[in-house]
There are 2 protein chains.
Amino acid sequence: MAGCRPVRLERNDTDMTASETMREMLSAMARKGWRITEQRRTLARIFAEHEGYLSPKEVYDQMNARHPGVSLDTVYRNLRELSDMGVLEQFVMMDGGLKFRANCHVRHHHHLICLSCEKTLPLEYCPMEDRVDLPGNYKILHHRFEVYGICEDCQTNGASSAERTPET
Amino acid sequence: MAGCRPVRLERNDTDMTASETMREMLSAMARKGWRITEQRRTLARIFAEHEGYLSPKEVYDQMNARHPGVSLDTVYRNLRELSDMGVLEQFVMMDGGLKFRANCHVRHHHHLICLSCEKTLPLEYCPMEDRVDLPGNYKILHHRFEVYGICEDCQTNGASSAERTPET
DNA sequence: TTAGATGCAAAGTCTTTGCAATTTG
DNA sequence: CAAATTGCAAAGACTTTGCATCTAA
């Protein structure tokens, strides 16, 4: 998907188009034996076309715009199930809010996240690869690395609307 | 505080004792013009004596044990205000749950967190120091780096009680 | 046809707020 | 004493659940 290209690669080196992404999402659902309902098709389209994270509410709003009448709980159900099966990445923002995005599973990476518009840019670098000096007696299971900032567009447009200081 | 020593230093190289930590917390409150109530004294003691994170509910339980009759909303109020003023570090766990700990403000660092008992070990390493190749057009504001695992004690004791897979 | 998906309404969890009563300095 | 702090109860935000109805395969 568009938001998934590694930093400093040209735009279309490894990109999937939105429709490729959408096809992938739908076939993942099908592989799981899911029925492809109108809503799920719409859901897939929304994430395929959006680079970055969306909150349940934002997804709900976009669903309603394109496919009026959906209910918020169905959106929640589908988001949860899709992230359980790895099609979406779930994410807890620093203020505790939930977010989802189409999963960039090309390779392990981290994100640079715009605090204003919440678009994300992948970072190829992973601090776990060799730098960290970890105690040997821990069984290491996960890690988390994110960088937060304001992207160029948002700096220019003074679009500080959604900008907020993370609470952590 | 005890949990604040950097990895691989001997236990008492840079430690503050619990009572030193407590004194610091109380004087920070006083500097802010706060009244030192029994509850706040108890709160300070709890965090001074605990290495690692505590949820609001855990704090509430410990408060009740030592000083019966506190109300949960007062605990929330004090936790929020203390972390606003930097005496406590607030933290959103990967499942969205809030946690607090006495602030190790000795120097910038990150944490290795046990998923079972939630004790934390500070990591001196910071990925932002030189390694990451960030785009120049972002205004970088924050970052977050945590490593999750199971500590030796919890591996030994099979104390997998609280162990859960983070949802992110 | 029928198992799976949805909408509705209700319940749950966690956190915050308003206000009167209490306590600290 | 005066102002800050607390407890209580209620409201809020967000998410999940139960169940009858509907629908994709």
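Convention: sequence-line order gives letters A, B, ...; per-chain numbering from 1. Keep in mind that the numbers below use all heavy atoms, side chains included, and drop hydrogens, waters and symmetry copies.
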- Message: Within residues 35-43 of chain B, which residues have any heavy atom lying less than 4.0 Å from an atom of DNA chain D?
- Response: B:Arg35, B:Thr37, B:Gln39, B:Arg40

- Message: Any residue in residues 75-82 of chain B with a heavy atom nearer than 4.0 angstrom to DNA chain D? Just list them by number, or reply none.
- Response: B:Arg77, B:Asn78

- Which is the 5'-most and which the 3'-most nucleotide of DNA chain C that has an atom under 4.0 Å from a heavy atom of chain B? C:dC14 to C:dG25

- Query: In residues 56-73 of chain B, which residues come under 4.0 Å of DNA chain C by heavy atom?
  - Reply: B:Pro56, B:Asp73

- Query: Looking at B:Glu51 and B:Arg101, does any basic side-chain N land under 4.0 Å from a carboxylate oxygen?
  - Reply: no

- Should the pair A:Arg144-A:Glu146 be classified as a salt bridge under the 4.0 Å nitrogen-to-oxygen rule? yes

- Query: What bend angle does the helix from C:dT1-D:dA25 to C:dG25-D:dC1 show across its length, from five-pair end axes and to the nearest 10 degrees?
  - Reply: 40°

- Less than 6.0 Å separating the ring centroids of B:His143 and B:His110? yes

- Who pairs with B:Tyr138 by ring pair (Phe, Tyr, Trp, His ring centres under 6.0 Å), at least two apart in sequence or on another chain? none

- Donor-acceptor contact below 3.5 Å, side chain A:Gln155 vs main chain B:Asn137: yes

- Message: Cation-pi check for B:Phe100 against B:Arg80: NZ or CZ below 6.0 Å from the six-membered ring centre and within 45 degrees of the axis, yes or no?
- Response: no

- Task: Check step by step if salt bridge (charged side-chain N to carboxylate O under 4.0 Å, His left out) holds for A:Glu81 and A:Lys32.
- Result: CA-CA 11 Å; A:Glu81 289 170 348; A:Lys32 271 281 177 178; over 6 Å; no

- Item | B:Gln62 and B:Tyr60 side chains, donor-acceptor separation under 3.5 Å | no

